[in-house]
Each structure stands twice: as structure tokens, then as C-alpha cells.
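Excluded from the calculations below are hydrogen atoms, water molecules and symmetry mates; all remaining heavy atoms, backbone and side chain alike, are included.
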Number of protein chains: 2
Amino acid sequence: MSHDIDDIETFDGTIHFHRPLRKRESLVRQGDPFTSIFMVRSGSLKQVIAEEGDTQLANFYLPGELVGLDGIHDSVYPGSLIALETSTVCEFPFHRLDALTVNDAKLRHYLYGRISKELRSEHRLLRLLLGKTSDARLAFFLCHLSERFHRLGFSAHRFRLPMTRTDIAHYLGLAVETISRAVSRFQRKGMISLIGREVHMLDMPALVALATGTREIPPAGHRVHVSR
Amino acid sequence: MSHDIDDIETFDGTIHFHRPLRKRESLVRQGDPFTSIFMVRSGSLKQVIAEEGDTQLANFYLPGELVGLDGIHDSVYPGSLIALETSTVCEFPFHRLDALTVNDAKLRHYLYGRISKELRSEHRLLRLLLGKTSDARLAFFLCHLSERFHRLGFSAHRFRLPMTRTDIAHYLGLAVETISRAVSRFQRKGMISLIGREVHMLDMPALVALATGTREIPPAGHRVHVSR
DNA sequence: CGGTATTTTGAAAGCTCTCAAGGGCCGTGG
DNA sequence: CCACGGCCCTTGAGAGCTTTCAAAATACCG
């Protein structure tokens, strides 16, 4: 979610540029051997994971975001990466990155940190969704997108959804109809305007409040530190 | 979820052993500066994340499992780690591990892989839960626990739950009552026996089937590979 | 311009939550 | 050792939310 394109472009000779992907074209397919990490340069991708019985929309990727970190551990991409629109990416062969980390503590920490960050933010996001109502999930989703667009230098209040309502529904673990109804509800309340895929975030505070609202508050345990 | 205790104990001088933690005692508190990764040696821990408005039960850790990987990226533990019972852990100061990776490609890859694996399996788990009914969530939870105990050399069919129903509920994003009712339903159907915290998995195939059952099946995109 | 995919809306069924109450278990203190 | 209090677990009933099924309106692509 940060803009490290410039940082990484300094690693001379480790980058490959792809020809543009057309809409619906796939960058990698689930099960392909892991070779590289990618960074979205323009457009957007979705990660789709098919597992016995069901297919999951695991993630959306916008420009500047790293894709493929979850393929490191067993050398296989766990899901297909599909372009939501005409998109371009650049590729970092992992063995090159790895070689560079030997003598570069800064890069090594950057890589660790980046993976760890992904781990945590994904976890947090899914945890947040788990206990929430459909309205809260959608509000959270929109705010999250808004934030990401904003960090790219675009407006946080007006942007275009790269994905279909169906994609959003699967991503949030809801039915398409539920998304549609929530959208209508939000518009009726004047919180957003959504014509086609053009979003206007009209009442950000209300959306944030909705996104934050939860259902329950469990207790915590004691707090005694262990001696070292 | 693997047994790397022996592997890691070969890294002489980088391990510290803690005195046992009593039930409800905390190993680290949310916001503490990140210094180390831990491995559970005996007992079990839960990770609790308090965020504006709500508290989440983010994870359970059994013996052999690594704890604290999610603290790497911004040098802070994102949640409190609390013992569910009398427990022992060993500690790996991160800067020591990091220093070791400089000249040890095997360890470096192990660390990368371990973090990446965590990233993926957590993601997969939460994704699975998102679109599922309460029965499916509980069945999945029990099967997951069973698997983990089995890998530790214990029976996959009989084990003791280290956590309360309330903990399970918060972990799965459900109400306690929903868990309780699901348990009763499972027992009525002869799928499990659960007296106090003693679990008997009576009909594993049925539980697995339940855990796998989902609600929807989204479509996938095209499959055209990009030239390199 | 036609065909297909996407989106919206309605109505009924199903699932989960909330609120309430009763019983059981455990650890502590007397 | 027993009694007490607090936490944990279970169950019932009604309300609220989400899904499913069906159908119509709209947008997009070639």
C-alpha cells in the first residue's frame, strides 16, 4: 500500500516489464511454480483461489502494491491473478532479490517487513470483516479502497470501482443481492453516490463510523509480564 | 504447524527459555516493542487484539507453533499473547536470527518461507470462514485443531480444548450461544462428543464434509499466459 | 444493434443474534 | 472440608439480518 516503485527500480537488472494484460487475462494461474514477485504498475488485478468445492476472491491489487508474496513458502502461486482491466505489471525474479539481500541489510529488512506487514494487514482486514454486518463490510471496503486510491495521488472521494458487484460480494463473503441492497441503502441515506462503477463518497464520517461498528466486545486476560 | 524445535535449537546461543506462564498470564502485551519470535513448548496461547471499539481473538497457538511473526514489520506486537493454561515458550531474539541469515541461505529461506506460509494459511483460514455457516465454521475449527494435535503426536480423535466456548465464538466471529447450539446439534447427530472440554471426534468424514460445505461458487476469468 | 453480463428489486425462508434465565464447575476463603 | 461467588455453558423465544429464488431493468461488447 506504499509507493516503493522508485525504491525498487534502483535494483538494476532485476526487473522485467510485461506487455500489458488485457481485461480478464491472467498473469499467473493457480498452481504455477513460483518464480517472481510482481508490482502492479497500472490497472488492477484480482486473486482467485479455487479449492475443492468453492472459489474464493482472495484479493484485489491496485498500482504500487506487491503481488505474489504468498507464493514464497512452497514455491507455488496459491491463486490465479487476473486483470480486472487493461493492466501492466513489473516482475522481480525472487532468486535475484534473494541474492541481493545477502549483503544488503536494508533490503533484507524491507523484504521481511513487507511480508510481515502483508501478513498482519490481511489478518486484520479479514478479522474485521468476520464479525460485521453487510453494511459495515461494504462501508469498510469502500473506505479501504478510497484510502488506497488516495495514497496513489487520486481523489479519496471520487473513484471508479475496478471490479464487479459480484467480485465485491465474493470478496466480502456476501451474496451479490446483499451488496446491491446495501448500495441502495447507502445512496438513499446520502452517504454515497454510485452510478455504474463511479463512486462518490459523500459522507465519509458516516461511512467510517459504519465501518467501525461491531457486534461484540470480548474480555481480555490478565496482564502480568514474564521475567526475562 | 511443523516440528522445527529441533532444527532451531541448533542455533546455539540464540534461544532463551522462559519460566512457565501461569494461566491467564501474558507473554507480551499489545503495543510492546517487538524484540523476539517465540515458539510454544507446552501449553497454549491466544492472541488478543484490541482495537477502537472491539476486541478480537486473533489466534490460538499450540506447541511447536511460532508466535510473533506479525510483529516484524513495524517493530510492535500487534496483540497481547495470553496463556490459556500453564505454558512454556522459548524465545528467539530477532536481531540474532537476522544476523544468522547473512551467511546461511538455508535459514534465510526457512524464515522467508515460514512467514510466507503463515501469511497464506491465515488468509486461507479466514477466507474459508467468511462465507460459511456457523456449523461449517465450528466443524472446520474442530478439524483444524484435530489436525494440529495429531501433528504433535496426539490423537486426532480425542483431545482437550484449551479455550473456552467464548474464545471459540470470538475467534469464529459468532455469538457464544451459536457455538453452544452447534455443539448440541453435532452431539445429537452423533458427530462428536463434547463433555466439558473433552472432545471426541466420532464421525470425522461428516465433520470434514460439513467444514468443506460453502454457499456460493463465483466464476473464474480467462486463462491466457503472459509472454516473458 | 443484438446478445450477454451485470445490477437491482421483491418476497419468503433460513440463519444468527440478542435478551433472559437456569444449572454447573472451579478456585478461594472460611 | 465445605460454602460462596464468579465464570462458563446451555437452552428458549423473538427480532433482525442475509440468503435464495425469480424477474425485470440496465450496461457493456463485439
Residues in residues 183-200 of chain A with a heavy atom under 4.0 Å of DNA chain C, by number, are A/S184, A/R197

Value for CZ (A/R24) from NZ (A/K46), rounded to nearest 0.5 Å, stands at 7.5 Å

Just checking, any donor-acceptor pair under 3.5 angstrom between side chains of A/Q56 and A/D54?
yes

Can you tell me how far [atom2] of [N] sits from [atom1] of [X], to the nearest Å?
{"X": "B/D135", "N": "C/dC17", "atom1": "CG", "atom2": "P", "result": "12 Å"}
{"X": "B/I179", "N": "D/dC8", "atom1": "CD1", "atom2": "P", "result": "15 Å"}
{"X": "B/E85", "N": "C/dG27", "atom1": "CD", "atom2": "C1'", "result": "17 Å"}
{"X": "B/R137", "N": "C/dT16", "atom1": "CZ", "atom2": "P", "result": "8 Å"}
{"X": "B/L138", "N": "D/dT10", "atom1": "CG", "atom2": "P", "result": "11 Å"}
{"X": "B/L172", "N": "C/dC17", "atom1": "CG", "atom2": "C1'", "result": "15 Å"}
{"X": "A/L129", "N": "D/dT18", "atom1": "CG", "atom2": "P", "result": "13 Å"}

Which of D/dT20, C/dT9, C/dT16 is nearest the side chain of A/A175? It is D/dT20

With a 4.0 Å cutoff (strictly under), does any side-chain N or O of [X] reach OP1 or OP2 of [N]?
{"X": "B/S134", "N": "C/dT16", "answer": "yes"}
{"X": "A/K23", "N": "D/dC28", "answer": "no"}
{"X": "B/R165", "N": "D/dC9", "answer": "yes"}

Extract from the structure each pairing of a protein N or O with an N or O of nucleotides 10-14 of chain C at less than 3.5 Å, listing the distance.
from   : atom 1 : to     : atom 2 : distance (Å)
C/dG10 : N7     : A/R181 : NH1    : 2.9
C/dG10 : O6     : A/R181 : NH2    : 3.4
C/dA11 : N6     : A/R181 : NH2    : 3.3

Those residues at least two apart in sequence (or on a different chain) that pass side-chain hydrogen bond (donor to acceptor under 3.5 Å, both in side chains) with B/E198 are B/R160

* Apply side-chain hydrogen bond (donor to acceptor under 3.5 Å, both in side chains) to B/S36 and B/E91, showing your working. => CA-CA 6 Å; B/S36 304; B/E91 173 175 359; 2.6 Å; yes

message: Under 4.0 Å, counting only non-hydrogen atoms across every strand here, what does B/S180 touch: a base, just sugar-phosphate, or nothing?
response: base

Over all strands shown, is A/T164 touching base, sugar-phosphate only, or nothing at heavy-atom distances under 4.0 angstrom?
sugar-phosphate

- Run the salt bridge (Lys or Arg N to Asp or Glu O under 4.0 Å) check on B/E177 and B/R181 step by step: do they pass? CA-CA 6 Å; B/E177 295 93 328; B/R181 276 185 256 272; 5.7 Å; no

TODO: Give a yes or no on whether B/R197 atom CZ has more than 12 heavy-atom contacts from other residues, nucleotides or ligands under 6.0 Å away.
DONE: yes

- Message: Determine whether the aromatic ring centres of residues B/Y77 and B/F34 are separated by less than 6.0 angstrom.
- Response: yes

Applied to residues 118-139 of chain B, the ring pair (Phe, Tyr, Trp, His ring centres under 6.0 Å) test, sequence neighbours excluded, yields none

Q.
Is there a salt bridge (Lys or Arg N to Asp or Glu O under 4.0 Å) between A/R120 and B/D74? Walk through the geometry before answering.
A. CA-CA 10 Å; A/R120 187 197 299 190; B/D74 64 355; 2.8 Å; yes

The helix from C/dC1-D/dG30 to C/dG30-D/dC1: angle between terminal helix axes, five bp per end, to the nearest 10 degrees, reads 50°

Between A/Y171 and A/F60, how do the two ring planes meet: parallel, tilted or perpendicular, split at 30° and 60°? tilted

A/R165 meets the salt bridge (charged side-chain N to carboxylate O under 4.0 Å, His left out) criterion, sequence neighbours left out, with none

Could you go step by step and tell me if A/F159 and A/F149 meet the ring-ring contact (aromatic ring centres under 6.0 Å, His included) rule? CA-CA 8 Å; A/F159 52 89; A/F149 277 119; 5.0 Å; yes

